[in-house]
Protein chains: 2
Amino acid sequence: MHDVAALAGVSHQTVSRVINRSANLRPETRDRVLAAIEELGYRRNMAARTLVTGRTHSIGVLTPGDPNFGKSSSVQAVERATREAGYFPLVTSAASESDSIAKALEFLRDRSIEALVVVAPHDTVLKQLETLDSDVPVITLQTGGYDEGHAVTINQADGVRAAIDYLRSMGHRRIQHVSGPPDYFEAQLRRAAFDEAVTAHGLAQFPTLAGDWRADSGYVCGTQIDADATAVFCSNDQMALGVIHALSDAGRTVPGDVSVVGFDDIPESAHSLPPLTTIHQDFEGVGQRAVELILAQINGEVAPEGGPFTPWLVVRESVRRL
Amino acid sequence: MHDVAALAGVSHQTVSRVINRSANLRPETRDRVLAAIEELGYRRNMAARTLVTGRTHSIGVLTPGDPNFGKSSSVQAVERATREAGYFPLVTSAASESDSIAKALEFLRDRSIEALVVVAPHDTVLKQLETLDSDVPVITLQTGGYDEGHAVTINQADGVRAAIDYLRSMGHRRIQHVSGPPDYFEAQLRRAAFDEAVTAHGLAQFPTLAGDWRADSGYVCGTQIDADATAVFCSNDQMALGVIHALSDAGRTVPGDVSVVGFDDIPESAHSLPPLTTIHQDFEGVGQRAVELILAQINGEVAPEGGPFTPWLVVRESVRRL
DNA sequence: ATTTATCGGGCGCGCTCCGAA
DNA sequence: ATTCGGAGCGCGCCCGATAAA
């Protein structure tokens with residue numbers, strides 16, 4: 001900066017002015033400084049700037065657990081929206097274990113982030129979040145209960161109801177559930193909503209089979225589907241794929257013998273055999289909304305209303321009318 | 001820091017020593033300082049530290065394009081390995097367009113990264129990389145030609161050969177190719193290797209159908225598969241899924257009427273109907289190797305040898321013996 | 001003399017390093 | 001063997017200076 005000032009024949013302060021606010025600057029002077037900057041290939045030092053302003057303009061994004069379609073989509077939307085707002089996303093992934101999450105949180109705090117967006121699929125994350133004493137605004141991407149102003153959520157129960165109502169409208173009364181891992185909010189909520197629907201509509205009861213979200217676990221669950229069940233409601237698409245595979249290996253066709261409904265609408269689901277009927281969620285919308293809420297908090301504005309997102313049914317070919 | 005020093009009754013310099021090298025410190029003093037730090041909840045300021053040391057301890061990771069299984073796996077491995085080495089990964093995604101990549105590169109440079117890992121699936125990224133004049137070590141994750149010391153690659157031709165040899169061993173002589181988008185190195189290399197194999201073994205010639213990696217485009221290509229082809233070699237698994245779907249819609253079964261081989265071995269492929277025979281790539285290994293090379297460059301060591309990774313065939317049920 | 005536009009000097013952000021005690 | 005004081009990293013902010021209106 002000193003060199004630039006010398007070359008342009010001005011003071012370092014004028015160089016600073018050129019870089020930041022351009023008010024009260026003679027165009028001629030500005031051009032001279034700009035030329036000097038160009039010639040010297042000068043770039044301002046972020047660390048020094050941060051040190052004096054106390055601002056980093058960066059927003060931390062914490063994503064625990066293995067990558068998956070929903071998370072990736074949301075995080076990508078968060079990144080984009082953050083950048084568009086003139087902030088820098090500091091995306092940090094972590095394992096699902098609490099110490100890994102704690103480390104990531106510490107890393108983020110050390111970088112003086114001005115806000116934090118956390119993908120919070122299970123309780124471990126939320127617990128660690130409470131540990132963090134920092135006064136930056138925090139928004140969680142949950143799929144659990146709606147916490148006005150601090151979380152962006154998708155109404156899982158709505159999705160489950162859409163699935164079960166559809167299955168019922170197709171004549172199904174004997175539906176078995178393949179759930180996700182019990183510590184995941186999504187799995188809990190979908191299962192609870194499923195149980196509720198079973199009770200409310202007097203549907204047949206089957207033991208719920210718990211997978212781990214992955215197709216492999218879906219296959220295992222698929223081998224245990226009750227012979228009396230006419231339909232299977234899976235907590236995500238990958239497991240649905242595994243279930244269909246297992247059913248097929250056992251000589252039962254989908255949807256001929258058994259109908260299957262998934263959840264998430266991953267891109268592959270449109271092209272499985274049969275194409276999977278599933279519940280679609282607006283992952284990008286969730287990410288974008290999260291950033292809107294964060295920015296509102298940063299600027300001290302009132303958070304825009306919105307309520308949870310509503311997922312919807314995508315009918316394809318994995319359900320047969322009885 | 002000043003407050004901590006005051007509380008502990010020492011100078012700020014002693015506090016600094018406690019935080020950094022612990023040599024030449026009376027244990028009693030250290031404990032006193034540590035207690036003060038704890039009591040005041042003191043955390044050192046990264047910006048100030050960076051400003052004076054000139055080191056950020058962070059490694060930039062640039063990932064252009066939409067998220068996909070391979071990229072996500074590699075990047076995750078890069079993150080993990082970076083962290084284990086005591087560095088901080090600054091993961092930055094970007095669109096595939098050159099201006100978006102340029103912006104991301106600028107962002108990274110502004111953060112004074114000490115090294116850069118770039119996922120480089122197409123020429124646009126490489127071009128932008130040349131623009132970047134910075135003297136930090138750069139490693140690209142390519143799938144293109146092997147550039148000793150600056151790129152980590154997977155030998156695509158080996159993978160293609162494994163697929164075609166397998167198909168040939170099963171009696172196939174009429175194989176059609178569904179390629180990825182022409183600007184992607186992977187697509188180019190796989191197609192070139194395919195063409196070479198066709199020529200070398202005197203296989204039947206079919207027009208190559210170009211998709212865009214997505215299952216939807218695979219479906220479209222699938223509707224155009226030549227009636228004489230007994231097998232389809234797809235440049236990735238998603239497109240293979242789409243092809244199978246289209247074939248099925250047209251009343252042709254896989255592998256009964258047509259055999260299909262994919263590439264990548266995404267987790268869903270094991271549970272498609274039929275389970276997809278495909279080529280497996282060690283994405284995590286690539287990410288890890290990239291970090292090893294980067295660290296070697298940072299430390300001025302000689303880069304560990306290794307050569308390109310070799311993908312392998314995973315036989316499942318989408319190929320029939322003729 | 002009073003405003004307005006344009007510029008510069010010095011201070012300090014929080015920390016590490018270099019001598020010196 | 002320990003500890004301390006001071007300098008300075010690169011920058012933006014506060015205030016004052018200067019010239020022009």
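So that the names make sense, note that chain A is the first sequence line, chain B the second, and so on, each numbered from 1. Keep in mind it's a predicted model, so treat the numbers as computed, not measured.
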Closest nucleotide among [options] to the [X] side chain:
{"X": "T29(A)", "options": "dC7(C), dT16(C), dG12(D)", "result": "dC7(C)"}
{"X": "L25(B)", "options": "dC15(C), dT3(D), dC11(D)", "result": "dT3(D)"}
{"X": "V10(B)", "options": "dC4(D), dG8(D), dC11(D)", "result": "dC4(D)"}
{"X": "R44(A)", "options": "dG9(C), dC11(D), dG14(C)", "result": "dC11(D)"}
{"X": "R49(A)", "options": "dG12(D), dT16(C), dT2(D)", "result": "dG12(D)"}
{"X": "S11(B)", "options": "dG5(D), dG9(C), dC11(D)", "result": "dG5(D)"}
{"X": "Q13(B)", "options": "dC4(D), dT3(D), dG10(D)", "result": "dC4(D)"}

If I take atom [atom1] in residue [X] and atom [atom2] in nucleotide [N], what distance separates them, rounded to the nearest angstrom?
{"X": "D31(A)", "N": "dT6(C)", "atom1": "CG", "atom2": "C1'", "result": "15 Å"}
{"X": "R32(B)", "N": "dT3(D)", "atom1": "CZ", "atom2": "C1'", "result": "11 Å"}
{"X": "N45(A)", "N": "dC13(C)", "atom1": "CG", "atom2": "C1'", "result": "13 Å"}
{"X": "E28(B)", "N": "dT2(D)", "atom1": "CD", "atom2": "C1'", "result": "12 Å"}
{"X": "I19(A)", "N": "dC11(D)", "atom1": "CD1", "atom2": "C1'", "result": "9 Å"}
{"X": "L51(A)", "N": "dC13(C)", "atom1": "CG", "atom2": "P", "result": "9 Å"}
{"X": "R55(B)", "N": "dC15(C)", "atom1": "CZ", "atom2": "P", "result": "19 Å"}
{"X": "H2(B)", "N": "dG5(D)", "atom1": "NE2", "atom2": "P", "result": "11 Å"}

Counting any heavy atom closer than 4.0 Å, what does [X] reach on the DNA or RNA strands: base, sugar-phosphate only, or nothing?
{"X": "M1(A)", "value": "sugar-phosphate"}
{"X": "N24(B)", "value": "base"}
{"X": "H12(A)", "value": "base"}

How about L62(A) and V117(A): do any of their side-chain heavy atoms sit closer than 4.5 Å?
-> no
Quick check: any donor-acceptor pair below 3.5 Å linking the side-chain of R17(B) to the base of dT3(D)? yes
No-hydrogen, no-angle side-chain donor-acceptor test under 3.5 Å, Q13(A) and S11(A)
no
When every non-hydrogen atom of T56(B) is compared with those of I113(B), the smallest separation belongs to OG1-CA, 4.0 Å
Here the pair of heavy atoms bringing H12(A) nearest to M1(A) is O-CE, 2.9 Å
*Please confirm whether the backbone N or O of P64(A) pairs with a side-chain atom of S93(A), one donor and one acceptor, at under 3.5 Å?*
no
With respect to the phosphate group of dG8(C), does any side-chain polar atom (N or O) of T14(A) fall under 4.0 Å of OP1 or OP2? yes
For this session: Output yes when at least one side-chain N/O atom of T53(B) is less than 4.0 Å from OP1 or OP2 of dT16(C), else no.
Result: no
| message | Around atom CD of E38(A), are there more than 12 heavy atoms from other residues, nucleotides or ligands closer than 6.0 Å? | response | no
